[in-house]
Amino acid sequence: MNVRLHTTDPRIHASPLLVLPVYEGGEGAGELAGSLDEHFGGAVARAWASGDARGRTGESVVVYRAEDKGPGPRRLMLLGAGKREKLDAEQVRRFVGRAVRAAERLGVARLMVRVEDASGLGEERLAQAAAEGAMLAMWSFRELKSSIGRDDEAQPETPVEEVEVSAEGDAGRLEAGLRVGLAVARGQNLARTLQSRPGNQATPSHLAEEAARVAAEVGLECRILGPAEIREERMSALLAVNQGSDQEPRVIVLEHRKGKPGEPPLALVGKGLTFDAGGISIKPAQNMEDMKFDMSGGASVIGAMRAIAELELPVNVVGVIPSTENLLSGKAMKPGDVIRTRSGKTVEVINTDAEGRLILCDALDYARTTFSPAAMVDIATLTGSVVIALGSHAAAVLGNDQALIQELLGAGDSAGERCWQLPLWEEYKRQLRSPVADLSNVGGRPAGSITAAYFLSEFAGDTRWAHLDIAGTAYGAEPLPYQRKGGYGFPTRLLVEWVRSRAG
Ligand code: BES
Ligand code: MN
Ligand code: ZN
């Protein structure tokens, strides 16, 4: 997979496919397309006149060069990019994603795509978005297919191998943006690969090995806690969830130390539940296979840490990923069991399927007391309730510090991974009362995402903390043009964007 920048004239570049944007309400196919018309024997003008593609998002026509007239593209695609003034970074990502999908359908492995700064994004943001769109769109999960047929839904028969991004402007700034976009997308694609692996492969120890491998590759410090260290750390809530599983638990700790020595780090804490059957409070069989995605928060933290390291961001960041399966056996935790968490607070387990908050409460307490972070963000496929509240178009964000929440909302908007705030009022606390312990692990059906977050807030202490519930956004079957069915790597881009904004 390769993305290159091209700042010279795309018209004289020999490419199997050149994709040019056309805008809704535009006068013609655009200057570049118009000047190519002669090479295409008038086909561009005829295509425009046909009205088959007049710029509406996703509309496209392809024209072919009749005879050889010197160097130039073999095919030209006019691809609708919507309204010119609405072309923000996310529209650029989607536009480039659509160009890659078009190349897949045509069976060409290389293409050039023209992107324009129509809305004042700036060269760096334009190139970053284009690089992200290209790299994310090119990714596919092929490692478990022994052959790929013509009509394979999930994988293209001919994967695109190279995208040349054609853009006008300062080459230095374009290259800088491209470099950021490539690092971010590599991190996000790593997260998608880890998400895609089934539960029998992506076990806690596998996640830990992958994290260690990536750490060595990009220069992160990595420490893995196994059962003995986890016991020593008194992370009993994580151990309680792990009781029903034959797979050992892990806590993955990744450290990026490129800020001032001694400066408190940012902490990213990701739920790494490699398969959630619900435990004794077992889930229904329908769609249970999706619960391999219950480690999506952890995957996005590994992906974001990879990007942060590759970009050598001048800031201290730690990633913490508690990882286990949630299964059933004669040893599994039971409804009614009471756990003494690492913090000392006791929790009555009313529903063993509310396990995410159990492994996270120990991980948050561990991160807080071990690293004294300046701010702590956890990312988790925590509740089905958030899917009811927000669907698949936004994650929920909640926390104890409005400035931090505002930063995350902003980072999500610029990264095209949106969040929406839900309240965390004290009034919700009474739903978590237990007659025998400090807290119950469930708060009933009303406001399920809020009570889950409230539970976590009890373990953040006075550390600045926010929580992203990504159960509706981490994976899905209705992908954007640069996504595929399955894991989306959400919110890797948001996390890197937030850390970049903190790095100044
Ligand atoms: N991993 C699930 C949440 C989830 C649901 C993720 C749907 C992705 C899609 C979590 O561990 C869970 O089971 N939550 C329960 C909590 C309930 C028992 C209070 C839920 O949301 O049903
Ligand atoms: Mn569960
Ligand atoms: Zn879960």
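Both counts, for ligands and for their atoms, begin at 1 and track the order of listing. In this chain, residues are counted from 1 in sequence order. Bear in mind the structure is a predicted one, so any value in this text is a computation, not a measurement.
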Original post:
From Leu495 CG over to Leu266 CG, what is the distance, rounded to the nearest 0.5 angstrom?
Top reply: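 Leu495 CG to Leu266 CG: 10.5 Å, rounded to 0.5 Å.
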Subject >> Between SG on residue Cys419 and CZ on residue Phe490, distance to nearest 0.5 Å >> reply: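 Separation between the atoms: 5.5 Å.
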**OP:** Look at Asp294 and state whether any of its N, O or S atoms is less than 2.8 Å from the Zn ion (ligand 3).
**Re:**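 So Asp294 counts as coordinating the Zn ion (ligand 3), yes.
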Original post:
N/O/S of Leu273 less than 2.8 Å from the Zn ion (ligand 3)?
Top reply: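 Looking at Leu273, which is the residue asked about, there is no N, O or S atom under 2.8 Å from the Zn ion (ligand 3).
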**OP:** Establish, yes or no, whether the cationic atom of Lys345 lies under 6.0 Å from the six-membered ring centre of Phe459 and within 45° of the ring axis.
**Re:**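 Verdict for Phe459: a cation-pi partner in Lys345.
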Subject >> Any donor-acceptor N or O pair under 3.5 Å, side chains Thr369, Arg342 >> reply: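 Present: a donor and an acceptor within the cut-off.
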Original post:
Between Thr346 and Asp438, is any side-chain donor less than 3.5 angstrom from a side-chain acceptor?
Top reply: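 Checked: Thr346/Asp438 side chains pair up, N/O donor to acceptor below 3.5 Å.
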State the atoms of ligand 1, each with its element, that fall below the 4.0 Å cut-off from a heavy-atom position in [X].
X	result
Leu382	3 (C), 10 (C), 12 (C), 14 (N)
Val442	19 (C)
Arg357	16 (C), 19 (C)
Glu355	11 (O)
Lys271	1 (N), 10 (C), 11 (O)
Met291	1 (N), 6 (C), 7 (C), 8 (C), 9 (C)

**OP:** Measure Met295 to ligand 1 on non-hydrogen atoms and call it side chain, backbone, both or neither using the 4.0 Å cut-off.
**Re:**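 Met295 to ligand 1: no contact under 4.0 Å from either part.
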**OP:** Take the Zn ion (ligand 3) as the vertex and measure to OE2 of Glu355 and NZ of Lys271; round to 10°.
**Re:**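 Vertex the Zn ion (ligand 3), arms to OE2 of Glu355 and NZ of Lys271: 90°.
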Subject >> Near the Mn ion (ligand 2) (under 2.8 Å) - protein N, O or S atoms >> reply: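 Correct list: Asp276 OD2, Asp353 O, Asp353 OD1, Glu355 OE1.
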Subject >> Shortest protein contact, atom 2 (C) of ligand 1 (heavy atom only) >> reply: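 Minimum-distance protein heavy atom for atom 2 (C) of ligand 1 reads Asp276 OD2, 3.6 Å.
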**OP:** Begin with the C-alpha distance, continue with both residues' side-chain angles, and end with the deciding distance and a verdict on side-chain hydrogen bond (donor to acceptor under 3.5 Å, both in side chains) for Gln406 and Gln402.
**Re:** CA-CA 6 Å; Gln406 226 63 51; Gln402 194 56 35; 3.0 Å; yes
Surrounding [atom1] of [X] (heavy atoms of other residues, nucleotides or ligands, distance under 6.0 Å), is the total greater than 12?
X	atom1	answer
Arg502	CZ	yes
Lys258	NZ	yes
Asp462	CG	no
Glu426	CD	no

Would you say [X] has any N or O atom under 3.5 Å from an N or O of ligand 1, going by distance alone?
X	value
Ser385	no
Gly384	yes
Asp294	yes
Asn351	no

**OP:** Decide yes or no on salt bridge (charged side-chain N to carboxylate O under 4.0 Å, His left out) for Arg150 and Glu104, but give the supporting numbers first.
**Re:** CA-CA 11 Å; Arg150 264 190 89 53; Glu104 285 171 358; over 6 Å; no
Original post:
So is Tyr475 close enough to ligand 1, meaning a heavy atom under 4.0 angstrom away?
Top reply: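 Checking ligand 1 against Tyr475, which is what was asked, there is a heavy-atom contact under 4.0 Å.
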Original post:
Hey, is Arg445 one of the residues with a heavy atom under 4.0 angstrom from ligand 1?
Top reply: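 Contact check Arg445 vs ligand 1: negative.
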Original post:
For atom 13 (O) of ligand 1, which candidate among Thr352, Thr451, Asp353, Ile359 provides the closest heavy atom?
Top reply: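 Nearest option to atom 13 (O) of ligand 1, by heavy atoms: Asp353.
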Original post:
How about Tyr475 and Phe293: are their ring centroids closer than 6.0 Å?
Top reply: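 Close enough - the centres of the two rings lie under 6.0 Å apart.
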Subject >> the Zn ion (ligand 3) - name of the N/O/S atom of Asp276 that sits closest to it >> reply: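 The Zn ion (ligand 3) is closest to the Asp276 atom OD2, counting only N, O or S.
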**OP:** Applying side chain to side chain donor-acceptor pair (under 3.5 Å) between Tyr482 and each of Glu90, Arg101, Arg93, report the one that passes.
**Re:**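 Among Glu90, Arg101, Arg93, the one meeting side chain to side chain donor-acceptor pair (under 3.5 Å) with Tyr482 is Glu90.
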**OP:** Show your working on salt bridge (charged side-chain N to carboxylate O under 4.0 Å, His left out) between Glu59 and Arg98 and close with a plain yes or no.
**Re:** CA-CA 10 Å; Glu59 273 184 359; Arg98 272 188 204 98; over 6 Å; no
Subject >> Audit row: Arg213, Glu209, salt bridge (charged side-chain N to carboxylate O under 4.0 Å, His left out) steps and yes/no >> reply: CA-CA 6 Å; Arg213 185 182 57 76; Glu209 280 161 24; over 6 Å; no
